[in-house]
Amino acid sequence: MPRIPFADVRFLPENLQSEFEINTRLKRFLRQYRENMENPPDELGLSEEDRARIERRTQKYLRTVANQSGLAHLDRKDRGRLEVFRNGAMLMPVETEHRVDEIASALHTEMPWMAPATERLWQDMRASVRNGDPAPLVRPMLLVGPPGIGKSNFARLLGDLLSVPTTIIEATGEPAPFAVTGSQRGWGSASPGKVLEGIMASQIANPVIVIDEIEKAGGVQSTGGQRYSLDEGLLPLLERSTARHWSCPYFRIAFDMSWVTWVLTANTLRGLSEPFLSRCAPTELTALTQEHLIGFADREGARRDLPQDAVDAVKEVVEAIRTPHHVSLRSVVRMLDAVEHAVNRPVLH
């Protein structure tokens, strides 16, 4: 499994002595030096001036080492959090075009109505394998279509097939700009974003990141009146040349975010800026048909090992609906949930 340099810093040597150890070593050296002098002083003990001078030299040495590392501005806790990247971060590879074909086939079999997204993904991944990339390089995907067709489920399935973590960020449920990129110190809840936190937890540099309903994301305004929007914050992350040296506002150091697979979902393009759309071309998706919903009910029922007659009953309900676009995958899942609950309900005596 290949590894890449991920954090643009020089980590402090693992054998670097602590402040106490350095201080003690300098005091010992000074005593021994005086003992070995031709005319040693009458008093070999250390004066307050000696101790102050040693303390200054200790601090100067530690500052010099920290400044060379690029970590001097961080406190000990945050420096410790970044230690997971001392040996870089892992990339989960897709090594052959045959494996790419298998992934695309599995996606299409499970969600055939997502064919435009699968086709785009398939082409990108095959090109990446041909180029000899250590992991798939997928252009950011913006999936645009009606709600309830499984855009987020498509991304989850992709993450499972790639054997990488998947993080889903609801653009409407939190301050989305900070959830993605993190916030700088000075904000009340300053922290790294969920994207970087996920990579820190897994040490995998090519996760699948999903931002759901991105067109509904609101901005965040600081007490000074400065406004932050999600699509503006995403711009440097969506272009590989800038993502390779993306500066985290919390840690204030650069990370290589160029291997992240971005899957952004929207019901409409309204509210999305031109600079954003120029970096993330939309993939248009259509509403589900009854055939899609019935096929999904069959596959999901088999996956849950539900009785076929119960699954057939769900399919009959779907077939009886005159306007299938009023039924979503969520509706079918809820019906299957009810069936599963009924099948597994304990018998009362």
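- Under the 4.0 Å criterion applied to side-chain N and carboxylate O atoms, Arg270 and Glu215 are not assigned as salt-bridge partners.
- In this structure, Val318 and Met335 have side chains that are in contact, with non-hydrogen atoms separated by less than 4.5 Å.
- No hydrogens or angles considered: a donor-acceptor pair under 3.5 Å links the side chains of Asp312 and Gln308.
- Two residues are said to be in side-chain contact when any heavy atoms from C-beta on lie closer than 4.5 Å; Leu142 and Thr265 fail this criterion.
- By the 4.5 Å heavy-atom criterion applied to side chains, Val195 and Trp262 are counted as neighbours.
- For Lys194 and Glu197, the salt-bridge test fails: no basic side-chain N is under 4.0 Å from an acidic carboxylate O.
- Note that CZ of Arg244 and CD of Glu239 are 11.0 Å apart. Values are rounded to the nearest 0.5 Å.
- The number of heavy-atom neighbours closer than 6.0 Å to CZ of Arg3, taken from other residues, nucleotides and ligands shown, is above 12.
- A donor atom on one side chain and an acceptor atom on the other are not found under 3.5 Å apart for His108 and Ser105.
- Between Tyr33 and Phe29, the two ring planes are parallel [angle under 30°; tilted spans 30° to 60°].
- Under a 4.0 Å N-O distance rule, the pair Arg120/Asp124 qualifies as a salt bridge.
- Here CG of Leu235 is found 8.0 Å from CZ of Phe276. Values are rounded to the nearest 0.5 Å.
- Geometrically, Arg240 engages Trp259 in a cation-pi contact, judged by NZ or CZ lying under 6.0 Å from the ring centre and within 45° of the ring axis.
- A salt bridge links Arg304 with Asp337: the distance from a Lys NZ or Arg NE/NH1/NH2 to an Asp or Glu carboxylate oxygen falls below 4.0 Å.
- Contact check for Thr24 versus Leu26: no side-chain heavy atoms found under the 4.5 Å cut-off.
- Annotation: the span from Asp78 atom CG to Glu83 atom CD amounts to 12.0 Å, rounded to 0.5 Å.
- No hydrogens or angles considered: nothing links the side chains of Asp256 and Trp246 as a donor-acceptor pair under 3.5 Å.
- Side-chain contact between Ile199 and Pro207 is present, with heavy atoms from C-beta onward closer than 4.5 Å.
- For the residue pair Asp50 / Ser47, a side-chain donor-acceptor distance below 3.5 Å is found, with atom types taken as modelled.
- Of the inter-residue distances, the one linking Lys216 atom NZ with Leu272 atom CG reads 12.0 Å to the nearest 0.5 angstrom.
- Crowding of Arg130 atom CZ: a count of heavy atoms from other residues, nucleotides or ligands under 6.0 Å exceeding 12.
- Shown here is Gln203, whose CD atom has more than 12 heavy atoms of other residues, nucleotides or ligands within 6.0 Å.
- Taking 4.5 Å as the limit, some side-chain heavy atom of Leu288 sits within range of a side-chain heavy atom of Leu329.
- The closest side-chain heavy-atom distance from Trp113 to Thr289 is not below 4.5 Å.
- For the atom pair NE2 of His245 and CE of Met257, the computed distance is 13.5 Å after rounding to the nearest 0.5 Å.
- Heavy-atom contacts from other residues, nucleotides or ligands closer than 6.0 Å to CG of Asn344 number more than 12.
- Ring orientation note: the planes of Phe6 and Phe255 are tilted relative to one another, at an angle of 30° to 60°.
- The CG atom of Asp8 lies 13.0 Å from the SG atom of Cys248; values are rounded to the nearest 0.5 Å.
- No salt bridge links Arg99 with Glu95; every basic N to acidic carboxylate O contact stays at or beyond 4.0 Å.
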